[in-house]
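Notes to accompany the following structure.
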Amino acid sequence: MTPHNEAKKGDYAETVLLPGDPLRAKWIAETFFDAPKQVNGVRNCLGYTGTWKGKPVSVQATGMGQPSLGIYVHELLDIYGVKNLIRVGTCGGLNAKVKVRDVIIAMAASTDSAMNNGFAPYHYAPFADYALLRNATDLAAERGFTWHVGGLVSSDTFYVPEGVKSYGALPQHGVLAVEMEAAVLYTLAHRFDARALAICTMTDCLVTGDQIDADQRQSSLTDMVELALDTALEV
């Protein structure tokens, strides 16, 4: 047990899905898991364990932003022995070729955060686990999803003053979308010799202004969660 987590050792499966929103964690557990059991409720950052297709799996909300996710992921890896972490979230598009409802499978994650400054004088480049990445792309192709592999930028700022212009040349260098968590997830997974992947649905485009409504958002998230769960089954 920690100041942030009341679960006991063994309460989490080796595979954990990571939404930011606690209510989304609850929805994932109740919608997809067989026999879900709540294992964490500290600060209402809900965690659950159940099974998916007969295999143990967990979900843990991380809150918003890299400092919050970093706490939960560090503890999941260091204390609870988790081996596979898949972020399931939403993102804002930075490239007009990526449309709303498209799935982005993040090969790497740039960031404006200071959390990786300990690597100085080097600029560490956090990247996904290849086995999870390969599984996710294979399954996305089989299921006929519109999907993209590329970079995310994990920003510490949600309200940027100049919109897409604030991201400068990143879109011209393979960065497809912005979110707030993936870079630290990848960094910590490598630090603890674990696997990690971020799968995000694009719900709004900062270039075109397109957005999806609540119904479309829900159906898109259903596809994404099933993709993440099946991706983890293969490792």
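Quick note: numbers below take in every heavy atom, side chains included, and nothing from hydrogens, waters or symmetry partners.
- Qualifying ring-ring contact (aromatic ring centres under 6.0 Å, His included) partners for Phe192, counting only residues two or more places apart in sequence or in other chains: His74.
- Taking every heavy atom of both residues into account, Asn95 and Pro171 meet most closely at ND2-O, 4.1 Å.
- Val42 and Ile79 fall into different hydrophobic clusters, where Ile, Leu, Val, Met, Phe, Trp and Tyr are joined by side-chain heavy atoms under 4.5 Å apart, directly or via other members.
- The heavy-atom pair separating Arg101 from Ile212 by the smallest distance is CG-CG2, 3.6 Å.
- Looking at every heavy atom in both residues, Asn116 comes nearest to Pro126 through ND2-CG, 3.7 Å.
- Listed by chain and residue number, Arg195 satisfy the salt bridge (Lys or Arg N to Asp or Glu O under 4.0 Å) test with Asp129 (two or more places apart in sequence, or in another chain).
- Not a single donor-acceptor pair under 3.5 Å links the side chain of Thr49 to the backbone N or O of Ser58.
- Summarising the geometry, atom CE belonging to Met224 is positioned 8.5 Å from atom CG belonging to Leu17; distances are rounded to the nearest 0.5 Å.
- The minimum heavy-atom distance between Leu197 and Leu132, with the atom names listed, is CD2-O, 3.6 Å.
- By the salt bridge (Lys or Arg N to Asp or Glu O under 4.0 Å) test, Asp230 pairs with Lys53, Arg143, sequence neighbours left out.
- Side-chain atoms of Asn40 come within 3.5 Å of backbone atoms of Glu6 as a donor-acceptor pair (strictly under, hydrogens ignored).
- Applying the salt bridge (Lys or Arg N to Asp or Glu O under 4.0 Å) rule to Lys83 yields no partners; only residues at least two apart in sequence or on another chain are considered.
- Under the 4.5 Å side-chain heavy-atom criterion for Ile, Leu, Val, Met, Phe, Trp and Tyr, Leu77 and Met115 are members of the same hydrophobic cluster.
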Test log, rule side-chain contact (heavy atoms from CB on, under 4.5 Å), inputs Phe32 and Val59: CA-CA 11 Å; Phe32 299 95; Val59 59; over 6 Å; no
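- In this model, no donor atom of one side chain and acceptor atom of the other lie less than 3.5 Å apart for Thr203 and Gln211.
- Taking 4.5 Å as the limit, every side-chain heavy atom of Cys205 sits out of range of all side-chain heavy atoms of Lys99.
- Other residues sharing the hydrophobic cluster of Tyr122, ordered by chain and number and joined by side-chain separations under 4.5 Å: none, the residue standing alone.
- Judged by distance alone, the side chain of Glu75 and the main-chain N or O of Tyr80 form no donor-acceptor pair under 3.5 Å.
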Evaluate Leu152 against Cys200 for side-chain contact (heavy atoms from CB on, under 4.5 Å), listing each step before the verdict. CA-CA 9 Å; Leu152 294 173; Cys200 293; 4.2 Å; yes
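- A search for side chain to side chain donor-acceptor pair (under 3.5 Å) contacts involving Gln38 returns nothing, not counting sequence neighbours.
- Looking at residues two or more places apart in sequence or on another chain, you find a ring-ring contact (aromatic ring centres under 6.0 Å, His included) between Phe127 and His190.
- Interatomic distance, CG of Leu133 versus CG of Asp138, reported as 9.5 Å (0.5 Å rounding).
- By the side chain to side chain donor-acceptor pair (under 3.5 Å) test, Thr157 pairs with no residue at all, sequence neighbours left out.
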Show your working on side-chain contact (heavy atoms from CB on, under 4.5 Å) between Leu170 and Val178 and close with a plain yes or no. CA-CA 10 Å; Leu170 289 176; Val178 57; over 6 Å; no
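- In this structure, Met180 is not a member of the same hydrophobic cluster as Met202, with clusters built from ILVMFWY side-chain heavy atoms closer than 4.5 Å.
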Pair Leu227, Ile199 - check side-chain contact (heavy atoms from CB on, under 4.5 Å), show working. CA-CA 9 Å; Leu227 174 64; Ile199 304 175; 4.2 Å; yes
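- With sequence neighbours excluded, the residues satisfying side chain to side chain contact (heavy atoms under 4.5 Å, CB included) with Thr137 are Ile105, Trp147, Val149.
- With rounding to the nearest 0.5 angstrom, the NE2 atom of His123 is 9.0 Å from the CG atom of Asn117.
- The distance from the CD1 atom of Ile104 to the NE2 atom of His148 is 6.5 Å, given to the nearest 0.5 Å.
- At least one side-chain heavy atom of Arg191 sits under 4.5 Å from a side-chain heavy atom of Leu188.
- Partners of Glu30 under the salt bridge (Lys or Arg N to Asp or Glu O under 4.0 Å) rule, at least two apart in sequence or in another chain, are Lys26.
- Here the closest non-hydrogen pair linking Ser154 and Glu179 is OG-OE2, 2.5 Å.
- Here CH2 of Trp27 is found 3.5 Å from OG1 of Thr222. Values are rounded to the nearest 0.5 Å.
- The shortest distance between side-chain heavy atoms of Tyr167 and Val175 does not fall below 4.5 Å.
- A heavy-atom distance below 4.5 Å is found between the side chains of Leu76 and Leu18.
- The minimum heavy-atom distance linking Tyr72 with Cys45 is given by the pair OH-CB, 3.3 Å.
- Note that OG1 of Thr90 and CG of Asp204 are 7.5 Å apart. Values are rounded to the nearest 0.5 Å.
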Could you give the side-chain donor-acceptor pairs of residues 9-16 under 3.5 Å, partners two or more places apart or in another chain?
| unit_1 | atom_1 | unit_2 | atom_2 | d |
| --- | --- | --- | --- | --- |
| Asp11 | OD2 | Lys8 | N | 2.8 |
| Tyr12 | OH | Asn5 | OD1 | 3.4 |
| Tyr12 | OH | Asn5 | ND2 | 2.8 |
| Tyr12 | OH | Gln60 | OE1 | 2.6 |
| Thr15 | OG1 | Asn84 | ND2 | 3.0 |

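- Although no hydrogens or angles enter the test, the distance criterion places no donor-acceptor pair under 3.5 Å between the side chain of Glu181 and the main chain of Gln66.
- Heavy atoms of other residues, nucleotides or ligands lying less than 6.0 angstrom from CZ of Phe119 number more than 12.
- Placement of Tyr124 and Val73 in two distinct hydrophobic clusters is found when ILVMFWY residues are connected by side-chain heavy-atom separations under 4.5 Å, directly or transitively.
- Tyr48 meets the ring-ring contact (aromatic ring centres under 6.0 Å, His included) test with no other residue; sequence neighbours excluded.
- With a 4.5 Å cut-off on side-chain heavy atoms, Met107 and Tyr186 do not count as touching.
- The cluster map of Ile, Leu, Val, Met, Phe, Trp and Tyr, joined by side-chain heavy atoms under 4.5 Å apart, puts Leu69 and Met64 in different clusters.
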